[in-house]
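For reference, the structure discussed in these notes is given below.
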Amino acid sequence: MPAREPTIAASVVQSLCDALPDHQPVVQQGLRRFSLTRFSAQDSHHRVPLKSYLRLFEWLAEELESPNLGLELSDRTGVETIGAVGYLFLSSATLEQAFNSMIRNIQAVQDVSYMALTLGTRYALVSYRVAHHNLAECRQDNEYSLAFMWRLIQLYTGSSCPLVQVDFGHAPPQDIAVHKRLFRAPVLFNQPNNNIYLPLSAMKLTSAALDSNLFPILEAQLNESVAQQARAQRFSDQVIEVLSDDVLREGAR
């Protein structure tokens, strides 16, 4: 059976498009170019090809002559971009629980994503990458994702958490002034992974954004949503397998 194409929640694509109100003709051209014009962000279960989203992001950065587009858009998109996963993060009892909940549920937003929390003796390391070798260049998504994560941390802690260091796996752009201004911490490039370093003590910080009593309610809702998505995907995979078998049998005649 053919491998299933990785997907991302349509709400992420919609949020990025909405964050560029002055460039809608270019945005619409990009959506047509990468066959994303028919996605429905109103359907919380609707997914679009991850490859198309990544290519659109890189293309928009080039067309708009905005090499730091991912960083810029991270400040224009809200928690609703990642739906219940974002609100679950903000309602967690501690920052450590917030990251663990995001790691458990990241597939509800984006397939083939690797995310991990490593606790050292002095620092907590949050790692992220798109773990798929066939996907397009991911610089804009990497920078957007880490900057968006940093924004969530600031919302969660009321901007009381310091940032120790940021790593990116890609080569440095010509100008990193935006990176320095946004993160206000050392930013390294050509690293083995995309990482955010926080003081270990920050993992015990509590939410300044949402009541932790919301956590079990949101978690139950998200679990049901993920289960529905999994059931729908299993059905889709079964249909594809049946059709593939039919095609093979027809070809053998």
Side-chain angles (χ1 to χ4, degrees), residues 12 15-16 19-20 54 57-58 60-62 64-82 85-86 89-90 92 94-103 106 109-110 113-131 137-209:
V12 177
S15 293
L16 296 182
L20 293 166
L54 293 171
F57 214 159
E58 297 295 327
L60 284 172
E62 185 174 346
L64 298 176
E65 298 182 352
S66 180
N68 297 312
L69 184 64
L71 297 181
E72 295 166 7
L73 293 187
S74 70
D75 198 39
R76 304 182 203 170
T77 52
V79 180
E80 68 280 358
T81 299
I82 56 174
V85 175
F89 185 100
L90 295 180
S92 298
T94 65
L95 190 56
E96 181 177 356
Q97 185 190 58
F99 278 116
N100 284 327
S101 71
M102 179 175 281
I103 291 167
I106 189 65
V109 179
Q110 181 173 306
S113 293
Y114 168 82
M115 189 174 176
L117 173 65
T118 305
L119 304 181
T121 56
R122 297 178 57 195
Y123 304 119
L125 173 66
V126 183
S127 304
Y128 166 84
R129 71 173 182 271
V130 176
E137 170 65 38
C138 302
R139 178 198 157 187
Q140 297 303 328
D141 175 73
N142 288 337
E143 295 193 351
Y144 171 81
S145 297
L146 261 62
F148 185 78
M149 199 181 302
W150 173 228
R151 187 177 178 203
L152 284 179
I153 294 169
Q154 291 178 300
L155 289 172
Y156 182 93
T157 64
S159 299
S160 65
C161 178
L163 183 57
V164 177
Q165 182 177 302
V166 178
D167 294 345
F168 287 113
H170 52 265
Q174 290 184 345
D175 185 0
I176 63 170
V178 176
H179 298 72
K180 291 181 177 179
R181 183 171 66 251
L182 190 151
F183 293 113
R184 297 183 180 180
V187 180
L188 306 182
F189 295 89
N190 290 323
Q191 299 303 300
N193 208 345
N194 306 297
N195 305 311
I196 283 181
Y197 293 81
L198 303 169
L200 186 61
S201 58
M203 294 296 98
K204 297 180 180 180
L205 293 174
T206 56
S207 181

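The structure presented is a predicted model; accordingly, all values stated were derived computationally and were not measured.
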Any heavy-atom pair between the side chains of [Y] and [X] that's under 4.5 Å?
X: V187; Y: I176; value: no
X: L200; Y: Y123; value: no
X: H179; Y: N68; value: yes
X: I153; Y: L163; value: no
X: L182; Y: W150; value: yes

query: Which heavy-atom pair separates M102 from M115 by the least distance, and what is that distance?
result: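 For M102 and M115, the tightest heavy-atom pair comes out as SD-CE, 3.2 Å.
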With [X], which of [options] fulfils side chain to side chain contact (heavy atoms under 4.5 Å, CB included)?
X: L95; options: T206, L198, L117, N100; answer: L198
X: Y144; options: L71, L69, T81; answer: T81
X: D141; options: L54, N194, L16; answer: L54

What distance separates [X] [atom1] from [Y] [atom2], expressed to the nearest 0.5 Å?
X: R129; Y: N195; atom1: CZ; atom2: CG; answer: 9.5 Å
X: I106; Y: S145; atom1: CD1; atom2: OG; answer: 7.5 Å
X: N142; Y: F57; atom1: CG; atom2: CZ; answer: 10.0 Å

task: Would you kindly say whether E143 and H170 are connected by a side-chain donor-acceptor distance under 3.5 Å?
output: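 There is such a pair between these side chains.
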Strictly distance-based, threshold 3.5 Å: is any side-chain N or O of [X] a donor or acceptor partner for the main-chain N or O of [Y]?
X: Q140; Y: G70; result: yes
X: E62; Y: L60; result: no
X: Y128; Y: I196; result: no

query: Among pairs that include at least one residue of residues 147-170, which meet salt bridge (Lys or Arg N to Asp or Glu O under 4.0 Å), considering only residues two or more places apart or in two chains?
result: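 Every candidate salt bridge (Lys or Arg N to Asp or Glu O under 4.0 Å) pair involving residues 147-170 fails, so no pair, neighbours aside, qualifies.
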query: Who passes side chain to side chain donor-acceptor pair (under 3.5 Å) against S159, sequence neighbours left out?
result: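 S159: no side chain to side chain donor-acceptor pair (under 3.5 Å) contacts found.
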